[in-house]
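Note that the structure is predicted; figures quoted are calculated from it, not measured. Residues: numbered from 1 along the sequence shown. Only this structure's heavy atoms are used, side chains among them; waters, hydrogens and symmetry mates stay out.
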Amino acid sequence: MAQRGKARTLRAGLGILWIAVKAEPRVFALSVAASGLYALMTVGTAWVLGRATQNVVLPAFRDGRTTAGALTAVALAIMGVALLKALGVGGRRFYAGIMQYRLQASYRRAVTRQYLKLPLAWHHRHPTGQLLSNANADVEAIWAPIAPFPMAVGVIFMLVIAAVSILLTDVMVAIIGFLVFPAVALLNVVYQRRLSPIATRAQQLRAEVSEVAHESFEGGLVVKTLGREASETERFAASSRELRDANIAVGRVRGLFDPLLEILPSLGVLAVLLVGSVRLEHGAMTAGDLVHVAYLFTLLAWPIRALGWVLAEMPRSVVGWDRVRGVLDASGSLPYGTGTLDGKAPATLEVRNVRFGYGESTVLHEVSFAAEPGRTVAVVGPTGSGKSTLTSLLVRLVDPAAGTVLLDGIDARDVRQGGLSVAAALVPQQTFLFDDTVRGNVTLGVDLPDEQVWEALRRAQADGFVAALPDGLDTRVGERGATLSGGQRQRLALARALVRRPRLLVLDDATSSVDSQVEARILQGLRDAQSREDGATVVVVAYRKATIALADEVVYIEHGRVLDRGPHHELVERSEGYRNLVNAYERAEAERAEAARADLATGPETDTDTGLGSGAIDSTEEAVA
């Protein structure tokens, strides 16, 4: 079984190298040509030294003098060979580097493009740390053999030339010297067998360390607030120790075999010198021939080592390839049609018999409702009833397992790529802000005039606190908006959606961190704009009774099913479950407001720049504004 595994690694590694050659044939050819020049000049160096010994050095010892012409000729020959050799080394490394880095860049782009194509359901099954490792460490590991590969191909050429040259010089010496090759080959086989599983394990552990680190950084707030620093430190330390031990094991194997691979060719040289001296004494070869052959044998360790470097990188390359191919071959990308949503007025939304689930667990069952242009629909239901999943379906982050979502009568799956993101916008529960300016977080790189940005901020009730910031729109908000409160972050996220003037606006509990009065003003402003040309149809996941009452229609969901629909006051009258739910939310809201007032009365302990306790903060902030 282990033997088959090694054979599979070799075949897969050679296949990866062939893919690289097909991807960059011209650059590879130039690199191999430069490597071939280096190989030819290396053998040429041995020939020049042999001829110089035979024709200049020995006559000089015999006659006690030499000529300037002979010395000049030898010097020019050595300098010419050295210059061409240097050109070969430079060209080989230059083009091998171009090939390696082009392939890395190409596959990084391919992996990230695939990430963008794959639906959220796929991303939910894969940790972010693993995805980062796929796009970085694994891609680098795939193409690590590329750096020595052109050199290895070139030195094979050198091996052939050197072997022929040695055989033509003296067959007996060649036979003695060539005995070192089987020994080196056998040692390389043992080396690869010992190294391959250890190197594979080390590559896997690199990804695991990356995953643990990323998860710890992402959950930094949780770690700090719950006092789990020591636990997280130990968890990361445990993974790091495993990686350390794996790398040390790799180093031990290399430390054992590298000296052996160095000494074997040297032993071959000693054997050649010993046998050659005897042959020289009997007149079977000249001193120049012996220098020529001995020097060539000192060079043969280099090509053998170059081949070993390629083979040593293959296990990591194959592991990286398998992990990256797992991403590139993943299914589930969202296909697009050719439909367009080119209107400017508020969109018509219709949800027909939608069903959706995660794995074997069904979250939504035959959900149906409609939103007329310019109307506001509130989706209300207990925790876990499928509201957030429904919002993802409305903007096509995922596709339903059954049923359809239609905008302006067009199935969302039939809309051309990019068409839906122009017509519809989602403001999710969890707000994400980039470490950028306020303007950058609102526009996200779209070239929009500041007047349009301020208008979006005003409609999101964010213009007041933005104007009070030190640099206004140019104020940097810190990583994930760390310098803002939770309510401020939510309002910037809402402005980010509004600045694009969507025809369908989906709010997934997007104002939960702002004061109820501020939320009412935001939603009332959206309702006032719905009659205008740049208005939007609004679907809002809501909890507060005052917010729900602003909606034209309420869709009441429980356990992924629509139990009732209609205006808020009608549902309160006829649906006991709905009435109990909204009243419970109202009582909880009142209790939170009372607690916030008590905190303010005793002295606020919350730092607005941390985003903690944002409800009370935003209420006070708006009163001051």
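For the pair D138 and I142, the minimum side-chain heavy-atom distance is 4.5 Å or more. I548 places none of its side-chain heavy atoms less than 4.5 Å from the side chain of Y556. Residues L407 and T348 have side chains not in contact (no heavy-atom distance under 4.5 Å, counting atoms from C-beta outward). No side-chain heavy atom of E553 sits less than 4.5 Å from a side-chain heavy atom of R375.
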Please list, one pair per line, the donor and acceptor atoms closer than 3.5 Å that link side chains of residues 378-385 to other protein atoms, with sequence neighbours excluded.
unit_1	atom_1	unit_2	atom_2	d
S385	OG	P382	O	2.7
S385	OG	K387	NZ	3.4

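The two residues V427 and A497 have their closest heavy-atom pair at CG2-CB, 3.6 Å. For S317 against I16, the heavy-atom pair with the smallest separation is OG-CD1, 3.6 Å.
Using a 4.0 Å cut-off between charged side-chain N and carboxylate O, R241 and E234 make a salt bridge. Salt bridge absent: R458 and D463 never bring a charged side-chain N and a carboxylate O closer than 4.0 Å.
Taking the six-membered ring where tryptophan is involved, the planes of Y107 and W321 are tilted, since the angle between them lies from 30° to 60°.
Separation of atoms CG (L494) and OG1 (T431) is listed at 9.5 Å; rounding is to 0.5 Å. In this structure, CG in L457 is found 10.5 Å from CZ in R439, a value given to the nearest 0.5 Å. Distance check: L498 CG to R501 CZ gives 10.5 Å after rounding to the nearest 0.5 Å. To the nearest 0.5 angstrom, S388 atom OG is 11.0 Å from L397 atom CG. The distance from atom CZ of R396 to atom CG of D411, rounded to the nearest 0.5 Å, is 8.0 Å. How far CZ of R500 is from CD of Q452: 9.5 Å, rounded to the nearest 0.5 Å.
Under a 3.5 Å cut-off, the side chain of R108 and the backbone N or O of A135 do form a donor-acceptor pair. Put simply, the side chain of N583 gets close to the backbone of R579: a donor and an acceptor are under 3.5 Å apart. In this structure, T376 contributes its side chain and D552 its backbone to no donor-acceptor pair below 3.5 Å. One N or O on the side chain of Q114 and one on the backbone of A330 form a donor-acceptor pair closer than 3.5 Å. Using modelled atom types, no side-chain atom of S239 and backbone atom of F236 make a donor-acceptor pair closer than 3.5 Å. A distance-only check finds a donor-acceptor pair linking the side chain of T537 to the backbone of G374 [under 3.5 Å]. No donor-acceptor distance shorter than 3.5 angstrom exists from the side chain of S361 to the backbone of G357, with no hydrogens or angles considered.
Applying the side-chain contact (heavy atoms from CB on, under 4.5 Å) criterion to N441, with sequence neighbours excluded, gives L433, F434, D436, V477, R496.
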Derivation of the salt bridge (charged side-chain N to carboxylate O under 4.0 Å, His left out) call for D471 and R476: CA-CA 8 Å; D471 297 313; R476 299 192 72 88; over 6 Å; no
Which is it for S575 and D564 under the side chain to side chain donor-acceptor pair (under 3.5 Å) test, yes or no, and what are the steps along the way? CA-CA 8 Å; S575 175; D564 208 343; 4.6 Å; no
Please test Y101 against W143 for ring-ring contact (aromatic ring centres under 6.0 Å, His included), starting from the C-alpha separation and ending with a verdict. CA-CA 8 Å; Y101 296 133; W143 306 118; over 10 Å; no
